[in-house]
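Below, chain A is the first sequence line, B the second, and so on; all start at residue 1.
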2 protein chains.
Amino acid sequence: MSDAEKPRQARRAPAGAAVLQKDVTLAIQAAVFTELAKHGYGRLSIEAVARRAGVGKTAIYRRWSSKLQMVLEVVSAAAVKVMPVPDTGTLSGDIRELLDAGAQAMRHPLASQIVPDLLAEASRNPDIAETLENALRETQQGVSAVMIKNAVERGDLPADTDAELAFDMVFGPLYWRVAVTRSPVSNDYLDRLAEGATAALIGAHGPAAHSGG
Amino acid sequence: MSDAEKPRQARRAPAGAAVLQKDVTLAIQAAVFTELAKHGYGRLSIEAVARRAGVGKTAIYRRWSSKLQMVLEVVSAAAVKVMPVPDTGTLSGDIRELLDAGAQAMRHPLASQIVPDLLAEASRNPDIAETLENALRETQQGVSAVMIKNAVERGDLPADTDAELAFDMVFGPLYWRVAVTRSPVSNDYLDRLAEGATAALIGAHGPAAHSGG
DNA sequence: TCAGGACAGAACGCAACCGTATCGTCCCTA
DNA sequence: TAGGGACGATACGGTTGCGTTCTGTCCTGA
């Protein structure tokens, strides 16, 4: 006997209303994250999301017109968790706090699976690329700029310090370790990384440097 | 008129033999790369590879039993391009050369799309993870270990320098820039990055007093 | 109160792929 | 030189997902 032959009325439980229901939206959002982590954007299917969320496909199409739009909106909404600007009084302290916050974010299994996946997808999809770019800019790039500015005002760094390079040298190794080598990120490692990054920022303006180019 | 309506016999051109033909294999390998770059591993289909390579699906199934095995083998074969150990006589020179080689590799559009995609997939697929891990170890990790050893022997670095951290601090920012922020990687940027990484390695061991005195 | 509309569920036709099988051709090795 | 087998092509049934449409239920705002 197939599913289609079962009595129909018996299986229906809840119902709807004349307004989009928040709990349905929440269930869909959660399902999107889980499915993204489990299968990636490429293999994400509306049907699987609906199945996991326990909703009908219509509930999804009523909210978003496509898989892309759905993912972009759900991801954007989640990305607005603003990162606080560290202010420990020293450059190395600030960097250490920034690294800690970054490591904590990347330790989330959802994030550590979904973010690399979407980044890979971004190379084929300009909309995804733009969304991620904005998320990155809004959350972290400004933070490190402020951090550099504070350090400059304290006299810890020269005024022409390259904030962009600083940003790369703080988050690059961390992301590399989490996403590429998949090695564990211990507090001790973060200590050493912070130390190295601090030295890099200070030392990059050594003897031959200062081209400013 | 669609292709499917053309007379069937007229389109057959080549034929086969009693041995796997190298040019067919090469065509398939190239198609795998192109399809991987275009659609990612998740959306890679055997049929599309066969179509692009201009071969029948049988030619593929005769060589590999599954999409996973096919991709792993093709990618592994391509990853054996060994990176020469830089030996410029100075640590910063070696780092600069390593960065240059890395940047050149990542500038290839195929690589810069396929590698992040497979890395994302690796978080769901242990076989892919292992393959990439091996490729990374064989090509670059040993290189940077030798580089550090040379620097230690020259007296440029203390004997207890953390090679792992060094590795992360050299390639991390580069990969971050290419794969995450998608910013251009100029020679000038590589110069500054090499400078910073060098300072990080030297300065990570003790108070960052260097450069000036 | 009451009607509009969101709801879950089911089914639709269509398309893409899966992995396998079969065909006739023709190359390559023994 | 003989024949085994790789070759491209095609077809197969099965699966999955697409986006749409319909149904009957029942919530909710006006």
Is there a donor-acceptor pair under 3.5 Å between the side chain of B:T88 and the backbone N or O of B:D94?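 The answer is yes, because a donor-acceptor pair under 3.5 Å joins these two groups.
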Any side-chain N or O of [X] below 4.0 angstrom from OP1/OP2 of [N]?
X: B:Q21; N: D:dG5; value: no
X: B:R63; N: D:dC7; value: yes
X: B:R51; N: C:dC17; value: yes

Check every atom of [options] against the side chain of [X] and return the nucleotide holding the closest atom.
X: B:R62; options: D:dC7, D:dC18, C:dG19; answer: D:dC7
X: B:Y61; options: D:dC18, C:dC7, C:dG19; answer: C:dG19
X: B:V55; options: C:dC17, D:dG8, D:dT20; answer: D:dG8
X: A:T58; options: D:dC22, D:dC7, C:dT20; answer: D:dC22
X: B:E47; options: C:dG19, D:dC18, D:dC7; answer: C:dG19

Parallel under 30°, tilted from 30 to 60°, perpendicular over 60°: which one fits the rings of B:F167 and A:W176?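 Because their plane-to-plane angle is over 60°, the rings of B:F167 and A:W176 count as perpendicular.
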On DNA chain D, nearest-nucleotide positions of B:K57 versus B:V24: which is more 5'?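 Its nucleotide being nearer the 5' end, the pick is B:V24.
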What is the distance, rounded to the nearest whole Å, between atom [atom1] of [X] and atom [atom2] of [N]?
X: B:I28; N: D:dC7; atom1: CD1; atom2: C1'; answer: 11 Å
X: B:L20; N: C:dC26; atom1: CG; atom2: C1'; answer: 16 Å
X: B:W64; N: C:dT20; atom1: CH2; atom2: P; answer: 16 Å
X: B:I46; N: D:dT10; atom1: CD1; atom2: P; answer: 20 Å
X: B:R43; N: C:dA15; atom1: CZ; atom2: P; answer: 17 Å
X: B:K22; N: C:dC28; atom1: NZ; atom2: C1'; answer: 15 Å
X: B:I60; N: D:dC7; atom1: CD1; atom2: C1'; answer: 13 Å
X: A:E35; N: D:dT16; atom1: CD; atom2: P; answer: 14 Å

What do you reckon, is CD of A:Q69 surrounded by more than 12 foreign heavy atoms closer than 6.0 Å? yes
Could you tell me if B:K67 sits above the aromatic ring of B:Y41, with its cationic atom closer than 6.0 Å to the ring centre and no more than 45 degrees from the axis? yes
Is there a side-chain contact between B:V24 and B:R63, using heavy atoms and a 4.5 Å cut-off? yes
